[in-house]
Each structure stands twice: as structure tokens, then as C-alpha cells.
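Numbers restart at 1 for each chain; the letters A, B, ... are given by sequence-line order, proteins then strands.
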Amino acid sequence: MNWFETITMHSPALIVAVPLLAGFLTPLVSRINDTVRNLFVLIMLSITGILIAILGYDVLTNGIRTYVFGGGNTVITLPSGLMFHVRIIFEVDSMNIFMVIITIILAIIGIVYSLSFMKKEDGLDKYYTIVLILVTSTLGMELTGDLFNFFVFLEISCITSCALIAFWVHKGEALEAALKYIVISSIAALFFLFALGLLYAQYNALNMATIANAIQFSIIDQAALILIIAALTMKAGLVPMHMWLPDSYGEAPPSITFILIAATQAGLYGAFRVIFTLYGNVFNSINLAYVNLVITANTIGWVLVALAIITIIIGVFMALIQTDFKRLIGFTAVAEIGYIFLGIGVRLASKYVQYSGSSATAIAFSEYSSIALNGSIFHIINDCLDIGLLFLVAGAIYYATKETSLDKMGGLARNMKYTTVFFIIGLLAVSGMPPFNGFASKLMLYESTYQLNPIITIIAVLASILLLAVFVKVFYSAFMGPEQQKFKEVKEVPKGMLIAMGAVVVIIIIFGLFPNLVINNIVQPAADALTNYTTYISKVIPGVI
Amino acid sequence: MIFNIPFIAVVAMIFIGLYAVLFKRNLVKIVIGISIIESGVNLFLITLGYREGGVVPIFTSAPSDVASNAPGSMVLPVPQALTLTSIVIGVAVLALMLSLIMHIYRHYGTLDVRKMRRLKE
Amino acid sequence: MSTRNIVAAVMFSVLAVFFILTALMLSFGAPIKSQMDDYIITHTQNETGTNSAVTTIVFDYRGFDTLGEATILFGAVSGVLMIFRRVKK
Amino acid sequence: MSEMSKIVRTLSNITFPFIMVFGLYVIAHGHLTPGGGFQGGAVAASGCVMLIVAYGSTWIFEKIKVSRLSAFESLGALGFIGVAFFGLIFGGYFFNNFLVRTGILFNIIPETGFTGSEFNTAGVLPLMNFAVGVKVIAGVFAIVVVMAYASSLKEWKQ
């Protein structure tokens, strides 16, 4: 076994362990001086990125890779033929790789941005420590194959994000947003723990594949499903519990918001994993035993569609009336989350139609359900990049003018040329205009939704157009208009921030020009990994199905 | 049904906590509510692991007759380990929430949710 | 009565019914399955040389969870210290 | 918080060593008896917190540097993750218990019942317990010191 093979084998553990080690070391390293600390953080994250690249290449070519913490067998078989897991297992398939790539890109860009954005603040050693732990927790949530481990990382993410949202402690709103966030997400995490207990009582297992293999979909399992979905949608910001999202996105430092987006998407990933893998044999295959129940793919799908539509509408209309730049983008982020859940809902509902309809409709709906899933997954990365870019631009404006209220801005395009260009690209991408990435994923969502119900599509398209209107308004009030006296001395932001925004813009343009490249190489494998839940199970429980 | 009393207690604790979180206006009471929910969930996990007549799964203090027919006579250890983790998590969350509340009190001079801007909804 | 109260009351009652129904379906004192725990209790002395099965799980079988737990405490301490830092005005 | 009366201070002086010893005992015997790093650490930290109550937070805050406590906590966490990394290096897997059932020292299966002579079992578990114990003492103490000191400052009072 050569060294490269060894690194690949251990990379699932190292991807989590390296940033964690860096987080533990940062308080000690920052005693030396600030430059060393900044370099240390960047280098550690780059090492993580390299490990992710190695693992990603391996998973995309050779299939699922597992890692057992503590070694030994993956699975213990009793003489009676029972198979189960004792140790914690990381199981990495294409979907995990997809999420992890997003997270590390966002983390590195966010760190580069904060190197110049946060330069003048105090308490930066704690700041970088907590950022590293936040990145760790997000990566851990996205790699783990164990339910309780997922809960632990969920709580880490909750605590660290809360602390970072409250970074500007002198602002009352930031404290309130942080408190609101931690109250909601700790209740969500406790619901998750309760559901986990229900599943544990049924199957005496905590490993996702083991539970997915054994799941009976009894009434207790349905209760657990509802609790888990409620918890994860709370974490992701779907409508009944969306209020924390614009608050905390708006009040946190923009560099943090950029990384928080990745943490929110990890909650979304959890919803994907639970619906399509943990309950895969209910929602992902033909199982006539579950057709007559109350909770079927149909009901869950339509509930998600309804919630997603409400989320989109609320997000867009609340964004219309905001005057604070960052809060406005926060509400846009709510709407984008709605689009992702729309994809999941459409997928579930049309999958149901596929099994209950005639053969001709079955083929059509099978195609559309997979388009919906692809669009939904593709929209995750587009949402991260577009919303993230807008937040970075808002941060740049705040850095230059110390202003977030739209009413007081104006004429900034004269002095901040690069930022203006970046903002235009961001607004076109987020509202789904053709040459940019938002268009590709939204088109896929519209296409699949239209088959299910045209009204939903019309609402989604209208919301997208309204989003464009919102941002055009922002563009005029912030960048256009007469030059204001107080902004005469405003300069372009430092190079570090421009590099970070430029990197996001480059990725957005590449994704927009070559969407097929992305879809074929990472989105389609991710969707396949979710669909083939039996492969996921049989990797850790050999010989099943 | 009478054997379900521990689970009823769990549900009651979760409700008391939820009631405090949803209807109380004082921030400290909200935090107490979360703490109660958490105790309820911890109790739930512990309760799941109980085996009728079982002893604690530690061989140092187990009577020898119990230890000899080991798995059947001991309660399940995994829920206890999970609870342990969950308790420490609870402590951490509590510390962070309380320090935030201290700052909020310094900032606004009150703990009433209605007096604040963002937390109102 | 404000809208907040009404929403809260609705959520509360829905959750109430939900949790009570769930709790009534579980059985106390007799776990349905216990293969994983039985394995751990049987093998704790041989495999890990530990007399306490709970410690075995916390630090050995599920040691990674405990690392996460330690991280949470670390994060909370860093967070509290960061929140209470001296901010220059 | 100001300091309390002489009776309280004397009593806390007397009980403090006992609490610390009990905490260390719980940490050290984590693999044999109920308890472990977290519980023992919490006991010992509560002993330290008792000093804050007795002597007042200002005095403690001046005696002990919070940054040093934070560094100690970092060291505890590093010790824990370090043991896990040693598992990767020597045992072939992250978190491998590479010491158990090996060598002269650890090749013992503990007996059932109160024997009390088998401290050297369980491989890396006592090390992890110790690291976690240090971490919990320093962490909980740091949280309480900072919160108590901040609440005693003038600017925090209305």
C-alpha cells in the first residue's frame, strides 16, 4: 500500500480531524502573532481542501468509501445472521462529496475575505478558532453515516454559528438574532434527538445504513420522520421557522454569513439524506405496502411543495419592503431555500404519480422526477454562490461606507467599479437570468414543476422576476443616482476582498456558461447516489438486497 | 398503560418546556424552558434503555450472579452514553445562551421579549 | 391575544397530540431489540479492558462523538470568551 | 461578586482539597467505576467555582489569567485529539485503542467485582479521560470566572 492509497483511505477522517486540530491549535498559535495565525488558518484549510480533492476523485471514480472510527470490522455478524454496527462509520458517496466541495470552497473564500474585512476588529483569535470549528462541524454533518454523530455536529454548528452571529456584541440586533438562532436551532436539535431515540428504540442501531435497511415504516417511524424533517427544515429555514434566517444573516459579519450559508445547506443535506436514504425504501422505490398509508411520498411531497411555495412568496415579498441591504439579501436567501425544497417536493410527488399512473405517464414522470432532483441539487451550489456573492458585496459596501441602509446609499458606482460589476453579476445570477448559473438550475426546476402543476411554475417564475425587480431597485438606489457628498472619499475595497469576490464570480460564470459540465460531473452522480439507496446500504451491510 | 408512566413524564416535561418557550415573555424563562425540554429528552433516552430488573452495566460494582448472565441482566449502555454526550452539549448551549442574555440585558436594560426589536415575532 | 400567541397555541396543541400518541406506543422496561448493546456488554472486558460499559462506549466505540462533545465545550468556551471580550468603541 | 464572610472562606478552604481529590479520583477511575473525564472535571470545576463564591470574582479574576485557562483548555483538547491521532499512527485507524491488550502493562482483562488493583487496563481510555478532565476543569472554570467577573463590573449594572 503506497502513501497515496493510505491518505485516500484515511481522508474521510482527516477531512474532519485536520480543521478540528487547527481549531484547537489556533488559540496557541495566535499567541505568536497575527500573520502567523492567518497563514496557519489558510494553510490548514488548504490541506483540508487537498484532502477533499483526493477523496472526491476517489469517490467519483471508484464509488462509495467508508471509514470506521477505531478500526476493526465495519459490521459485526452474530451467529444468528444479525448484522449491525457498533462503531461510528463515515460513509462518503457522491452526494457527500458534492456538499463537502461546496463547503470547502465557501470556507476558503470566506477566510480570504475575512483576512482583510475583519482586520481592524478585536478578538480575532477566538473568531478564527470558532470559524474553523464551524467549518469542521459542517464537514462532519456532510460526511457522517451515523445519526447521533450527525446530531453532535448539528449542535456544534448551532453553537459556533450563534457565537459568530453575535460577533459584533455592541449591536443589540446582533445579540437578539444570535439568541433567536440558538433557541430555534437547539429546539430543532432536541427534536432530532427525540426522533433518533424513537428510531433507536425500534432498531437498536444508530447507523444510517443499518436503520435504512431495517426500516418498517411503522407509526413510530412515521412520527420520527415528521420530527426529523421538522427539525431539519427549522435548521434550513423553511417557512414556519424562517424568521431566524434573515435576522442572523443580516446581523452577522458578511464573511461569517458566507460560511453560515454552507452550514444551512448542511441541514438541507440532512433532509436529502433522511428522505432519500434513511427512508429510501419508502420514498425511493416501488413499495406497494406503503401506498395506502396517510404519510406517503405523495403527502410529504405536496406538503413540501406547499411550504416551498409559501417560502418563496414570503421571501420575495418581504425582500421587496426591506430597506436594510443585508436583511433584504437574507429574505432572498429564504426564497432560494424555497426553490430547493420545491425540487424535493416535486420529486416526491411525481415519483408517486409515476407508481400509481399508467405506464406512459410513468416513463414521463420518472424523467421529470429525476430532473427535479437534479435541479434541486444543482440549485444548492448556485444558491450558495449567488447569495454568498451578494453578501460579500454588501460587506464590501459596509466596509467602504459603514452603511447598510439602502436609503442612505447612492452613487457608489463611481468609486467602487469592481464591486458594482460583481453586484450586477450577482443580481443577474440570483434572479435566474440566462448566461449565469441560476438560470440553469431554475430552468430544470420549472421544467419538472410544469408537469406536476403549471400553477406552481407560474408562481415560481413570477417570484423570480420579482426578485430581479427587487435587485434592480437596490442597484439603482445604491450604485446609481447622483454622487453624494459624504461618499466622495469612498475608495474601492482592499485586494483580499476583491480576490474573494472575483473568485466567486469566476465560478458563477463558469457554471453559467458550462452547466452541463457541472451537471454531468458532480450533480448527476450526487443525484444517482441519492436514488440508489441500496448501494449505500449494501456498502456497509454486505450481501443485503 | 400504567407501565408507560416514564414516557408520560417525558412528554409532560417536553410540554412544560415548550410552554415556557412559546408563551413566556422573559428571556431567562425561555432558557429555562429549553433546559427542561432537554432534560425531558435525556430522560427519554435513559428510559429507552431500561431493562426490567437490570443493573447498571458496570462490572466493578455488579454482583457476581448478575455478571455471570451478563447481557440480559444489565440495562442498555448505549442510551446512557448518548445521554452523557447530550448533557454536556446542554451545558454548553446553556452557557452561551446565558451569556448572550447578560449582554442583551446590558444593552436594553430589560429581559422582556416585547421590548425588543427583532425577537418580537 | 396576538397572532404570535395564536400561532404558538396551535403549534403547541399539535405537538401535544403528536408526542402523547408517540409516547403511548412505546413499551417501558422491555427493549424490542438489543443486539448492539448486548454485544457491547459482552465484549467490553475482553475488547477494551474496561469494566464500565458506558465508558467503553463514550471513549472507545463512539469516541468520535466524544471528540465532538469536547469540541462543543471548547466552542462554547471560546464563544463566551469572545462575547465577553473588551470591545473598543 | 464581593467576597463572603470569614466562616465561608475558611470552610471553603477546608473543603476545596477534598473536592479536588474526589474530582481527580472520578477522572482517574473513569474506566472502572461510574464517572469519567466529564463528570470528574465537572466536580473539580465546581470546587474551583466554590472559591469564586467565597472569595469574590474580582479577586479570582486578578489571580488567574483567563487566557491561561483558555490555553489549558486548548491543551486538553489537543491531548484528546492527539491520542486519536496516535491511534491513526500506531493502530492504523483514527481513534484506534492501540494500547489495549498489548505489552506487559496493559495485557490484563479486568475482573468482575471490587478488586481495586487493575488500574492499568483499558489502554488509551485513561489518557483520554485525563485530557477531557483537564479540558472540562479549565473550560467550565473559565466560563464561570468570565461571567461572574463581567456581572460584577460597574458598567453592567443599571
inquiry  = Is any side-chain heavy atom of C:Phe59 closer than 4.5 Å to one of D:Val132?
reply    = yes
If you draw a 6.0 Å radius around [atom1] in [X], do more than 12 non-hydrogen atoms from other residues or ligands fall strictly inside?
X	atom1	value
D:Ile89	CD1	yes
D:Phe61	CZ	yes
D:Phe16	CZ	yes
D:Phe72	CZ	no

request  = Considering non-hydrogen atoms only, spot the tightest contact between D:Phe95 and C:Gly63 and give its length.
outcome  = CZ-O, 3.3 Å
query = At their closest point, which heavy atom of D:Leu125 faces which heavy atom of C:Thr56, and how far apart are they?
reply =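 Taking D:Leu125 first and C:Thr56 second, the nearest heavy atoms are CD2-CA, 4.3 Å.
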query = Which atoms of C:Ser78 come close to chain D, meaning under 4.5 Å heavy atom to heavy atom: side chain ones, backbone ones, both, or neither?
reply = neither
ask   = So which part of C:Leu81 gets closer than 4.5 Å to some heavy atom of chain D, the side chain, the backbone, both or neither?
value = side chain
key: Contact origin within D:Val83 toward chain C - heavy atom pairs under 4.5 Å   =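 Neither; nothing under 4.5 Å.
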ask   = Which answer fits D:Ser74, side chain, backbone, both or neither, if we ask what part of it has an atom under 4.5 Å from a heavy atom of chain C?
value = both
Atom [atom1] in [X], atom [atom2] in [Y]: separation rounded to 0.5 Å?
X	Y	atom1	atom2	answer
D:Gln39	C:Thr55	CD	OG1	7.5 Å
C:Phe64	D:Phe94	CZ	CZ	6.0 Å
D:Met128	C:Asp60	CE	CG	7.5 Å

task = Evaluate side-chain contact (heavy atoms from CB on, under 4.5 Å) for C:Ile83 paired with D:Val146, printing each intermediate quantity in order.
result = CA-CA 10 Å; C:Ile83 289 174; D:Val146 167; over 6 Å; no
request  = Mind running side-chain contact (heavy atoms from CB on, under 4.5 Å) on C:Phe74 and D:Phe80 for me, showing each step along the way?
outcome  = CA-CA 12 Å; C:Phe74 184 83; D:Phe80 193 14; over 6 Å; no
